[in-house]
2 protein chains.
Amino acid sequence: MAATTLVYTAIADPSRRRILDLLREGERAVVELGKFFDFSQPALSKHLRILREAKLVRTRKLGRENRYRLDAKGLRTVYDWVGHYEQFWNQSLDRLGDVLDDIDGGSR
Amino acid sequence: MAATTLVYTAIADPSRRRILDLLREGERAVVELGKFFDFSQPALSKHLRILREAKLVRTRKLGRENRYRLDAKGLRTVYDWVGHYEQFWNQSLDRLGDVLDDIDGGSR
DNA sequence: ACAAAACATAACCAAATAGTTATGCGTTGT
DNA sequence: ACAACGCATAACTATTTGGTTATGTTTTGT
């Protein structure tokens, strides 16, 4: 899987986005993170593995704890890509539709 | 599926990101889009359906053609979320650790 | 009138996802 | 010494994903 797509796939899951949000406040151990979720510890470890493989987080062992912290560099690619669309989301589609003489209206 | 996650899922696939990129240059019919991909027309139609359900594209019928165009508003959410990480991706992780140590002063 | 074009959908399939329980391994507290 | 903690991984399962071929509908060109 391409490195870039690893990042997009990683952030496609809401739990993983939540994990990243939590890590913005600072380093956290797995058990600590687990308090915010309803699923099991292995499920959490799997999410963390996906984030690790996307290089969006790093770990360091501290005693028996495994502390995770953010490594946001990979998100820059996403920001840059989405940024290309900035000029589009401000113009109203309806007005664009007028220009294009669009009569269709809905998505199907 | 939550509306927001529909968008993240939609852009997780590289072919769909490519489709959006193509639509930035203007409206296109399905057959036209298909020239840029190696998979079958039904596969393309499926990708387009996912983009439609995420409300990232709209269609209008023009004769026997179905013309797709960008509706980028949904990408704003992504841009905003990723933007929260902007402060993190420029500094090296090691230096960030130092900074946080300084601010924190061992209060945790 | 009719063949072909443009496209969506259905039915199917292999692989990936996201969860589970079970287990093992290093670290810590008593 | 050893029980409990913190965590990763394995093995399993249901669901979703991304592709395929087959087919039906609407529109166009001859």
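Quantities reported herein were computed from a predicted structural model and do not represent experimental measurements.
Nucleotide D:dG6 holds its P atom 8 Å from the NZ atom of A:K35, rounded to whole Å. Atom CG in B:L33 sits roughly 15 Å away from atom C1' in C:dA8 (whole-Å rounding). The CG-C1' distance, from B:L48 to D:dG18, rounds to 14 Å in whole Å. If you take CE of A:M1 and C1' of D:dT17, they are 11 Å apart, rounded to a whole angstrom. Straight-line distance from the CZ atom of A:R52 to the P atom of D:dT9: 6 Å, rounded to whole Å. Distance B:I50 CD1 to C:dA8 P: 13 Å, rounded to the nearest Å.
Base contact: A:Q41 has a heavy atom under 4.0 Å from a base atom. Among the heavy atoms of the strands, none lies under 4.0 Å from B:F37. Note on A:R67: nothing from the nucleic acid sits closer than 4.0 angstrom, heavy atoms only.
Residue B:R64 places none of its side-chain N or O atoms closer than 4.0 Å to OP1 or OP2 of D:dG29. The shortest distance between the side-chain N/O atoms of B:R49 and the OP1/OP2 oxygens of C:dT9 is below 4.0 Å. Note on B:S40: a side-chain N or O is less than 4.0 Å away from OP1 or OP2 of D:dT20. Listed pair A:Y68 / D:dA8 meets the phosphate criterion, a side-chain N or O lying under 4.0 Å from OP1 or OP2. Within the structure, every side-chain polar atom (N or O) of A:H47 is placed at least 4.0 Å from both OP1 and OP2 of C:dT17.
Projected onto DNA chain C by closest heavy-atom contact, A:K61 and A:D38 fall at different nucleotides, the more 5' of which corresponds to A:D38.
Rounding to the nearest 0.5 angstrom, the gap separating the CG atom in A:D71 from the OG1 atom in A:T59 is 11.0 Å.
The side chain of A:P42 approaches C:dT20 more closely than any other nucleotide in the set C:dT27, C:dT9, C:dT20. Counting only heavy atoms from C-beta on, B:D13 has its side chain closest to D:dG18 among D:dG19, D:dG18, C:dT17. Among C:dG19, D:dG19, C:dT17, the nucleotide with an atom closest to any side-chain atom of B:A43 is D:dG19. The side chain of B:K46 sits closest to C:dA11 out of C:dA18, C:dA8, C:dA11.
The local environment of CG in A:D38 is sparse, with at most 12 non-hydrogen atoms from other residues, nucleotides or ligands closer than 6.0 Å.
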Evaluate the criterion salt bridge (Lys or Arg N to Asp or Glu O under 4.0 Å) for residue pair B:R18 and B:D21; output intermediate values, then yes/no.
CA-CA 5 Å; B:R18 186 85 198 289; B:D21 286 341; 5.8 Å; no
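Relative orientation of the A:F39 and A:H47 rings is tilted, given thresholds of 30° and 60° on the angle between their planes.
With A:Y79 as reference, B:W89 is the one residue of B:F88, B:W89, B:Y85 to meet the ring pair (Phe, Tyr, Trp, His ring centres under 6.0 Å) rule.
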